[in-house]
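To keep things clear, I will list the structure first and then write my remarks on it.
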Amino acid sequence: QVQLVESGGGLVQAGGSLRLSCAASGRTFSNYAMGWFRQAPGKERAFVAAVSWTGARTLYADSVKGRFTISRDNAENTVYLQMNSLKPEDTAVYYCATDRGRLTHSDAYSYDYWGQGTQVTVSS
């Protein structure tokens, strides 16, 4: 059974940084692309970033380009999301997910397993 466990969320002031981690098990991690999504209160889940199976390709939502960086360590079965210059509008529950294939996608339907999420709160 595939399990994804996010960590690293918390409360940070605007302009600050956080690094999220997502540890995966139950599947050959290196065979699949990975993604991060977020859901703010009262809003739908939204794409944040994705990384291909080798880590060579990345994809970002326009709202986080230049501030967030997604990466992966296939030896550690972990995907990361480095978040810099955080804004109050980045406040949300952040979820990692495994893609059904090796390439990057921004639509949630391309992902088949999801973590429980980690809360990120950015104060102004």
Side-chain angles (χ1 to χ4, degrees):
Q1 185 175 354
V2 176
Q3 286 194 320
L4 302 173
V5 180
E6 302 98 334
S7 61
L11 173 64
V12 64
Q13 287 189 332
S17 298
L18 283 174
R19 188 194 197 201
L20 305 184
S21 299
C22 172
S25 62
R27 175 186 266 187
T28 305
F29 177 78
S30 59
N31 284 349
Y32 300 91
M34 297 291 294
W36 286 96
F37 288 74
R38 67 186 180 186
Q39 187 166 18
K43 295 188 176 181
E44 293 186 352
R45 192 169 297 190
F47 171 75
V48 175
V51 61
S52 64
W53 64 303
T54 62
R57 298 196 177 210
T58 57
L59 182 67
Y60 295 95
D62 288 344
S63 58
V64 307
K65 270 181 192 174
R67 299 190 298 123
F68 290 11
T69 302
I70 188 171
S71 62
R72 66 190 295 159
D73 184 338
N74 285 345
E76 297 293 330
N77 290 350
T78 302
V79 62
Y80 303 98
L81 186 68
Q82 177 66 44
M83 306 185 296
N84 298 330
S85 303
L86 282 161
K87 305 175 182 180
E89 51 263 43
D90 294 318
T91 295
V93 177
Y94 283 70
Y95 300 88
C96 72
T98 61
D99 196 289
R100 301 177 192 273
R102 296 184 171 185
L103 303 180
T104 57
H105 298 96
S106 61
D107 64 287
Y109 298 107
S110 293
Y111 296 81
D112 52 0
Y113 292 98
W114 297 79
Q116 293 298 308
T118 185
Q119 176 71 47
V120 171
T121 303
V122 184
S123 63
S124 57

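The structure displayed is predicted, hence computed values, not measured ones. Numbers for residues simply follow the sequence, beginning at 1.
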Under a single-linkage definition using a 4.5 Å side-chain heavy-atom cutoff for Ile, Leu, Val, Met, Phe, Trp and Tyr, are [X] and [Y] assigned to the same hydrophobic cluster?
X: Leu103; Y: Val48; result: no
X: Val93; Y: Val64; result: no
X: Phe68; Y: Val122; result: yes
X: Val51; Y: Tyr95; result: no
X: Leu81; Y: Tyr32; result: no

- prompt: With a cut-off of 6.0 Å (strictly less than), are more than 12 heavy atoms of other residues, nucleotides or ligands near CZ of Arg100?
  reply: yes

Can you tell me how far the [atom1] atom of [X] sits from the [atom2] atom of [Y], to the nearest 0.5 Å?
X: Cys22; Y: Trp114; atom1: SG; atom2: CH2; value: 11.0 Å
X: Arg72; Y: Thr58; atom1: CZ; atom2: OG1; value: 12.0 Å
X: Ser52; Y: His105; atom1: OG; atom2: NE2; value: 11.0 Å
X: Phe47; Y: Tyr60; atom1: CZ; atom2: OH; value: 9.0 Å
X: Tyr113; Y: Gln3; atom1: OH; atom2: CD; value: 11.5 Å

- prompt: Between Tyr80 and Thr69, is there a donor-acceptor pair closer than 3.5 Å when you use the side chain of the first and the backbone of the second?
  reply: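 No.
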
task: Spell out, as yes or no, whether a donor-acceptor pair under 3.5 Å connects the side chain of Glu6 to the backbone of Leu20.
output: no

- request: Go through the structure and list residues passing salt bridge (Lys or Arg N to Asp or Glu O under 4.0 Å) with Arg27, not counting sequence neighbours.
  value: Asp112

field: Any residue meeting salt bridge (Lys or Arg N to Asp or Glu O under 4.0 Å) with Arg67, in chain and number order, not counting sequence neighbours
entry: Asp90

message: Would Met34 and Leu4 count as a side chain to side chain contact (heavy atoms under 4.5 Å, CB included) here? Give the steps.
response: CA-CA 11 Å; Met34 297 291 294; Leu4 302 173; 4.1 Å; yes

Determine the minimum heavy-atom distance between [X] and [Y], stating which atoms define it.
X: Gly101; Y: Asp99; result: N-OD1, 2.7 Å
X: Ser124; Y: Ala14; result: CA-CB, 4.4 Å
X: Ala50; Y: Tyr111; result: CB-OH, 3.4 Å
X: Ile70; Y: Val79; result: CG1-CG2, 4.0 Å
X: Ala24; Y: Phe29; result: CB-CD1, 3.5 Å

statement: For residues 9-25, the side-chain hydrogen bond (donor to acceptor under 3.5 Å, both in side chains) pairs (sequence neighbours left out) are Ser17-Asn84

message: What I'd like to find out is whether the side chain of Gln119 reaches to under 4.5 Å of the side chain of Thr91, using heavy atoms alone.
response: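 Yes. Closest side-chain heavy atoms under 4.5 Å.
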
task: Not counting sequence neighbours, which residues clear side chain to side chain donor-acceptor pair (under 3.5 Å) with Tyr94? List them please.
output: Arg38

- request: Share the residues that join Leu11 in a hydrophobic cluster, the rule being Ile, Leu, Val, Met, Phe, Trp or Tyr side chains under 4.5 Å apart at the heavy-atom level.
  value: none

message: Taking transitive links into account, so neighbours of neighbours count too, which hydrophobic residues share a cluster with Trp53 at under 4.5 Å side-chain distance?
response: none

- request: Using the side chain to side chain contact (heavy atoms under 4.5 Å, CB included) rule, take Arg102 and Asn31 through it: C-alpha gap first, then chi angles, then the decisive distance, then the call.
  value: CA-CA 6 Å; Arg102 296 184 171 185; Asn31 284 349; 3.8 Å; yes

